[in-house]
Amino acid sequence: MAYNFTAIEKKWQSYWLENKTFAAIEPAEAGNMPKAYVLDMFPYPSGAGLHVGHPEGYTATDIYSRYLRMKGVNVLHPMGWDAFGLPAEQFAIKENVHPNLTTKKNIGNFRRQIQMLGLSYDWDREVDTTDPGYYRWTQWIFLQLFNSYFNPIEKKAMPIAHLLQELANDNFVVAPDGSIHLNPTTEGMEAIAGQRGIARLWRELGPEEQRELLDGQRLAYMDEIAVNWCPGLGTVLSNEEVIDGKSEVGGFAVERRPMRQWMLRITSYADRLIEDLAGLQWPESLKEMQRNWIGRSVGAEVDFDLANAGDESEAITVFTTRPDTLYGATYMVLSPEHPLVDRITTDAQKPSVAQYRAQIAGKSDRERLADAKEKTGVFTGAFAINPVNDEPIPVWIADYVLMGYGTGAIMAVPAHDERDFEFAIKFQLPIRQVVSPNPIVKGAPANPLTPLGRASAEPGYAINSPMIDGLPTEEAKERITAELAVEGVANKCVKYKLRDWLFSRQRYWGEPFPILLDDNGNAHAIDESELPLKLPEISDFKPTGTPQPPLSKATDWLNVARDDKTFTRETNTMPQWAGSCWYYLRYIDPKNSKRFVDPVKERYWMPVDLYVGGVEHAVLHLLYARFWHKVLFDLGHVSTPEPFNKLVNQGLILGEMEYHTAQEPPVKVTEDQVERKGETFALKSDPSVRVKAECFKMSKSRGNVVNPDEIVRDYGADTFRLYEMYLGPLEASKPWNTRDIVGMMRFLNAVWRNFVGDEESNKVARVEVMPVPEGLEKQMHRTIKKVAEDIEGLRFNTAIAELIKLNNEVTGLLAIPRELAENFALMLAPFAPHIAEELWSHLGHTKTLARRPWPTFDPAKLQASTMEIPVQVNGKLRGRITVAADAAEEAILAAAGADPAVKQWTDGKTVRKTLYVPQKLVNFVVG
RNA sequence: GCCCCCGUGGCGGAACGGCAGACGCUACGGACUUAAAAUCCGUUGACUUAACGGUCGUGCGGGUUCGAUUCCCGCCGGGGGCACCA
């Protein structure tokens with residue numbers, strides 16, 4: 001071992017901690033230093049410890065942060081723990097230890113592992129989402145949500161008190177569906193009428209209606225909805241946590257059941273969450289995932305009156321993105337859960353409808369999707385009137401229509417919708433083509449009806465549609481919607497796939513809601529001064545096996561008397577995402593006991609300039625956090641509409657490449673038993689046996705997990721950091737290969753020998769004050785330029801290659817110019833900080849290099865006195881010439897033409913064209 | 001099915017439309033060593049040639065260009081996301 005990395009790394013890690021080397025400078029003291037907020041996605045401190053995937057992102061942001069500090073930037077680079085959550089609770093139940101204890105222990109282990117990597121965090125800013133001093137503010141933000149509503153005119157969150165005032169002043173009116181609207185003056189009340197009645201003023205409502213209206217407008221509200229209930233885990237789960245009808249954790253059965261749960265009104269922000277993506281420097285694919293998740297579609301709601309309704313005219317409202325195909329609607333489908341089903345089903349159809357609904361009821365959404373191969377459904381016996389041609393069409397129910405999207409009812413256009421087509425074929429319903437791919441010529445006969453063929457869902461030109469014949473799809477949509485709107489049977493509208501966020505869990509290990517429930521189950525916020533509402537220390541935190549959360553067993557915590565009334569505390573807890581929705585704000589001011597973040601500090605540091613983390617949070621954490629941030633922004637608590645300006649997803653580090661034979665059953669073989677045979681691999685011993693090479697995700701069950709502790713013990717943190725960064729581009733997924741680590745180990749050993757010496761042979765490197773020789777000087781300036789550019793572009797693999805190259809050039813020199821040695825140590829520092837600090841101190845410096853200025857390069861020095869120019873003939877390389885760096889174009893062309901290797905290819909031919917790309921190449925086109 | 005990304009040596013990967021394979025690993029040869037490890041030096045895309053050299057080569061087929069790994073069109077293969085969303 002040429003250098004003792006264990007001792008060196010320990011020494012500098014202690015130095016950095018003791019001297020608080022990486023403390024961010026508070027805004028008041030920062031003067032006019034530029035700032036950078038460089039953030040990692042904080043980990044969930046699991047019992048398994050750090051995975052090699054964690055250090056990849058952490059090292060990347062660390063290199064970037066260390067570089068920026070050397071460029072004179074005030075850097076905020078913090079780390080913390082997302083420590084509430086199911087795994088800690090599961091473990092606690094299994095081992096019968098309190099989750100508080102296991103969490104503390106796991107955090108300790110994670111902190112140790114992260115510190116052993118020499119990451120330059122400001123440890124005075126560490127946050128822990130399970131600390132009451134932290135979750136006090138998570139609860140406070142929840143209260144902001146609870147005490148706010150979404151103002152539909154301003155399109156932003158505002159205090160609920162403001163709504164009350166607007167209502168009291170008659171500025172808003174209330175539609176029958178409970179939505180609020182700008183007062184259109186008394187005559188216009190009909191315009192915002194719904195199916196039952198017209199809009200009303202606040203004072204026309206009774207006290208209970210008033211309370212319901214207010215509670216129904218809050219951004220955090222309670223609602224009775226069908227949820228994924230998992231008896232085995234004793235909690236509801238989000239759709240993402242359920243796979244094939246079973247819980248992702250533990251594989252317990254999950255059932256649908258209606259429960260009253262806390263919801264957050266994220267759907268109000270759907271438009272802004274889409275619009276504001278445009279200004280963010282995020283991967284395009286990730287923006288696309290968020291857009292898909294929100295799923296905005298523009299279309300129209302159209303009312304279909306029921307035939308034979310006779311007395312009360314009742315209508316079925318459908319949502320469609322293709323109102324231009326109304327003439328092709330030959331039947332309708334309601335979701336089996338649609339409230340109208342009971343009322344419209346004829347007596348004759350009641351048994352089959354009831355049977356079908358029973359069959360559907362037990363299935364989760366996911367099961368319904370899984371069974372989607374074959375269309376199912378039953379006829380209700382009812383008919384509706386197509387408003388464009390007054391044709392009666394049959395009304396069916398089918399599970400391919402979901403109650404949760406649109407209006408839970410569709411008009412079926414089998415000619416132009418694949419699902420409707422399949423359904424129509426199965427139940428022999430008519431199919432009518434109403435869109436043609438080609439414009440129709442005036443006077444030409446109309447296209448015949450298609451018998452049983454499906455046309456296309458693609459836009460085209462309307463046919464068989466008197467109101468809009470010949471119009472291209474976009475125009476046809478506009479026209480028909482406008483015409484029907486005049487008759488009051490259609491209106492343009494926008495729908496989203498995004499659902500409101502189910503925000504409560506029946507778990508112990510989460511933030512308690514700062515909410516009291518009265519005898520009627522209505523929610524009342526506790527006062528801010530009572531925060532934090534601490535999680536009670538109970539000994540029995542196991543799930544109850546019923547929807548009763550474990551906290552309901554905390555009897556002396558549960559009941560509260562206020563103003564002569566008794567209340568019960570909300571016993572659900574918040575989901576794991578709550579704490580991670582705002583942690584980046586707490587880092588800015590982690591010890592503030594008066595506010596969640598000081599506004600002056602917030603304005604200085606926000607937004608986050610670089611956020612690095614895994615793509616698995618694309619539509620969960622990153623969407624939730626943006627939502628909370630926008631609410632806080634609307635309420636004036638933060639200064640930016642978006643939290644994370646630039647975001648990068650680090651790629652997955654896969655397990656080592658595995659080879660196995662292509663036969664059944666596959667037999668594992670090692671790399672050296674294999675050789676390439678044409679396009680594929682084969683066994684060396686038996687070339688007829690084909691071999692497949694694959695890499696897999698690291699997993700315990702596959703046994704290919706790499707433990708960072710062992711790598712650091714065997715090779716050192718600097719080598720580990722270099723290795724992970726050298727693996728390939730940050731964003732790419734790439735396989736781990738322990739064999740390759742020695743390359744980085746050799747590099748650092750060579751650096752040590754070159755700049756310090758070889759302790760075993762008592763050779764001391766001679767670092768002398770002397771001019772840098774010309775060739776070396778050019779490489780040095782090149783390296784300074786390239787490494788800086790590469791760090792700024794997060795291309796660490798090529799930056800390291802350039803450092804290796806410079807070190808290779810130094811190898812074998814009898815004496816090393818001091819200027820080069822110092823520059824090298826500074827440039828190496830972001831990547832391999834421990835050895836760099838050690839080199840720096842060997843060069844006679846007594847303090848850390850963490851804030852020494854980054855070396856500057858001289859563009860003039862990038863040029864040596866001569867340069868080599870490749871010469872092509874007809875685009876093929878035929879020779880090279882060496883010319884003076886300042887040679888004129890004519891001289892270069894003359895030299896190129898005279899080069900013997902080139903002459904061979906041009907002699908006897910006419911040079912038709914001569915191209916010279918300055919400093920780059922010469923190309924003669926001959927013919 | 002729809003959307004996005006990617007195909008370069010034995011491996012990981014480099015290359016503003018301008019010398020394909022930087023840099024690292026592996027393998028091979030050599031030096032040092034009693035020996036091994038470590039270290040150092042050299043070779044390492046394929047075919048061809050005694051050699052100088054030549055030909056081919058960035059998944060496949062075409063196009064644009066003096067010149068294409070890079071830009072365009074069409075396939076094939078791999079990965080990821082969404083998926084009865086009306």
Side-chain angles (χ1 to χ4, degrees), chain A residues 1-2 283-289 291-293 295-297 299 318-322 325 333 365 368-369 371-373 375 398-402 404-413 417-420 422-423 457 495-498 615 618-619 652 657 671-672 674-676 679 681 693-694 722-723 726-729 731-737 739-744 746-747 749-750 753 758 760-761 795 797-805 808 811-812 868-880 901 904 912-917 919-927:
Chain A
M1 254 345 109
E284 210 37 60
S285 59
L286 198 137
K287 290 186 186 180
E288 196 56 33
M289 281 164 77
R291 283 191 207 104
N292 283 342
W293 188 265
R296 181 179 198 269
S297 27
V318 303
F319 174 69
T320 176
T321 56
R322 293 295 299 273
T325 61
V333 187
D365 274 355
R368 269 167 76 158
L369 295 183
D371 297 344
K373 279 150 206 107
K375 290 277 175 296
D399 70 349
Y400 83 93
V401 175
L402 308 171
Y405 184 75
T407 60
I410 62 157
M411 61 176 207
V413 185
D417 182 283
E418 205 176 328
R419 298 151 295 169
D420 297 344
E422 280 174 32
F423 194 82
K495 298 282 179 194
Y496 304 90
K497 281 200 276 188
L498 186 70
V615 74
V619 287
L652 215 56
M657 181 96 79
E671 195 190 343
D672 25 281
V674 172
E675 67 184 346
R676 187 118 190 170
E679 294 287 288
F681 294 93
E694 279 178 284
L722 281 171
Y723 172 69
Y726 193 64
L727 221 40
E731 298 92 334
S733 285
K734 51 243 157 183
W736 175 272
N737 191 346
R739 187 184 70 191
D740 289 351
I741 299 175
V742 291
M744 293 302 113
R746 284 179 194 153
F747 166 54
N749 279 329
R753 272 197 313 277
D758 189 341
E760 280 166 31
S761 55
R795 293 180 298 269
N797 53 335
T798 49
I800 294 168
E802 206 60 31
L803 287 169
I804 294 173
K805 229 154 120 183
N808 287 348
T811 300
E868 198 183 58
I869 304 273
V871 184
Q872 298 181 334
V873 179
N874 286 348
K876 287 195 181 199
L877 180 72
R878 295 304 182 185
R880 275 173 240 261
Q904 262 188 353
R912 290 239 198 86
K913 200 169 170 187
T914 303
L915 285 117
Y916 174 61
V917 184
Q919 330 268 310
K920 281 269 156 81
L921 102 169
V922 175
N923 187 10
F924 293 114
V925 183
V926 300

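Every heavy atom of this structure was used, including side-chain atoms; hydrogens, water molecules and symmetry mates were not.
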When rounded to whole Å, the CD to C1' distance for the pair Glu422(A) and A83(B) reads 13 Å

Rounded to whole angstroms, how far apart are CG on Asp417(A) and C1' on A83(B)? 14 Å

Using the 3.5 Å cut-off, write out each protein N or O paired with an N or O of nucleotides 48-54 of chain B and the distance between them.
none

Using the C1' atoms only, state how far G81(B) lies from A15(B), rounded to an integer number of Å. 30 Å

Protein-nucleotides 62-69 of chain B N/O pairs under 3.5 Å:
| residue | atom | partner | partner atom | Å |
| --- | --- | --- | --- | --- |
| C66(B) | O2 | Asn923(A) | ND2 | 2.4 |

Between P of A86(B) and OH of Tyr400(A), the distance in whole Å: 13 Å

Using the purine O4'-C1'-N9-C4 or pyrimidine O4'-C1'-N1-C2 torsion, is G9(B) syn (within 90° of 0) or anti? syn

Side-chain contact test, heavy atoms from C-beta onward, threshold under 4.5 Å: evaluate it for Thr914(A) versus Val925(A) and give yes or no. no

Lys920(A) NZ to G18(B) C1': how many Å, rounded? 7 Å

Under 3.5 Å, which protein N or O atoms sit close to an N or O of nucleotides 21-25 of chain B? Give each pair with its distance.
| residue | atom | partner | partner atom | Å |
| --- | --- | --- | --- | --- |
| A22(B) | O2' | Lys805(A) | NZ | 3.2 |
| C23(B) | O2' | Tyr726(A) | OH | 2.6 |
| C23(B) | O2 | Tyr726(A) | OH | 2.3 |
| G24(B) | OP1 | Asn808(A) | ND2 | 3.1 |
| G24(B) | O4' | Tyr726(A) | OH | 3.0 |
| C25(B) | OP1 | Arg746(A) | NH1 | 2.7 |
| C25(B) | O2' | Arg739(A) | NE | 3.1 |
| C25(B) | O2' | Asp740(A) | OD1 | 2.5 |

Validate the cation-pi geometry between Lys375(A) and Tyr400(A): distance from NZ or CZ to the six-membered ring centre under 6.0 Å, angle to the ring axis within 45°. yes

Just how far is it from atom CG of Asn797(A) to atom CG of Leu722(A), taken to the nearest 0.5 Å? 12.0 Å

May I ask you to list the residues of residues 405-412 of chain A, by number, that have any heavy atom positioned under 4.0 Å from an atom of RNA chain B? Tyr405(A), Ile410(A)

Interatomic distance, Glu284(A) CD vs C5(B) P [rounded to whole Å]: 9 Å

Determine which nucleotide pairs with G77(B), using a 3.5 Å limit on both distances of a Watson-Crick or G-U wobble pair. C6(B)

Is there side-chain contact between Arg322(A) and Thr320(A), with at least one heavy-atom pair below 4.5 Å? yes

Nearest-Å distance, CE (Met289(A)) to C1' (G80(B))? 8 Å

Complementary nucleotide for G42(B) - Watson-Crick or wobble, under 3.5 Å: C28(B)

Just by modelled atom types, is the Pro729(A) backbone N or O under 3.5 Å from a matching donor or acceptor in the Lys734(A) side chain? yes

Any strand: nucleotide that pairs with A36(B) via Watson-Crick or wobble, under 3.5 Å: none

When rounded to the nearest 0.5 Å, the distance separating NZ of Lys287(A) from CD of Glu284(A) is 5.0 Å

Does C40(B) have its OP1 or OP2 closer than 4.0 Å to a side-chain nitrogen or oxygen of Arg753(A)? yes

Within the 4.5 Å heavy-atom criterion, are Met744(A) and Ile800(A) side-chain neighbours or not? yes

C1' atoms of C41(B) and C52(B), separation to the nearest Å: 26 Å

Could you state the CH2-C1' distance from Trp293(A) to A83(B), rounded to the nearest angstrom? 12 Å

Suppose we screen for side-chain contact (heavy atoms from CB on, under 4.5 Å). Which residues come up paired with Lys805(A), at least two apart in sequence or across chains? Gln779(A), Arg782(A), Glu802(A)

Whole-angstrom distance between G61(B) and G7(B), as gauged at atom C1': 16 Å

Does Tyr723(A) use its side chain to pair, donor to acceptor, with the backbone of Asn737(A) at less than 3.5 Å? yes

For G18(B), the Watson-Crick or wobble counterpart (both distances under 3.5 Å): C66(B)

What nitrogen or oxygen pairs link the protein and nucleotides 56-58 of chain B at under 3.5 Å?
| residue | atom | partner | partner atom | Å |
| --- | --- | --- | --- | --- |
| C56(B) | OP2 | Lys876(A) | NZ | 3.2 |

Rounded to whole angstroms, how far apart are CD on Glu731(A) and C1' on C4(B)? 15 Å

In terms of heavy-atom contacts, does CZ of Arg912(A) have more than 12 from other residues, nucleotides or ligands at under 6.0 Å? no

Check the phosphate of A86(B) against Ser297(A), side-chain N and O only, distance under 4.0 Å to OP1 or OP2. Yes or no? yes

Picking from C3(B), G12(B), A86(B), the nucleotide nearest the side-chain atoms of Glu288(A) would be C3(B)

Non-hydrogen side-chain atoms of Met411(A) and Thr325(A) separated by less than 4.5 Å: yes

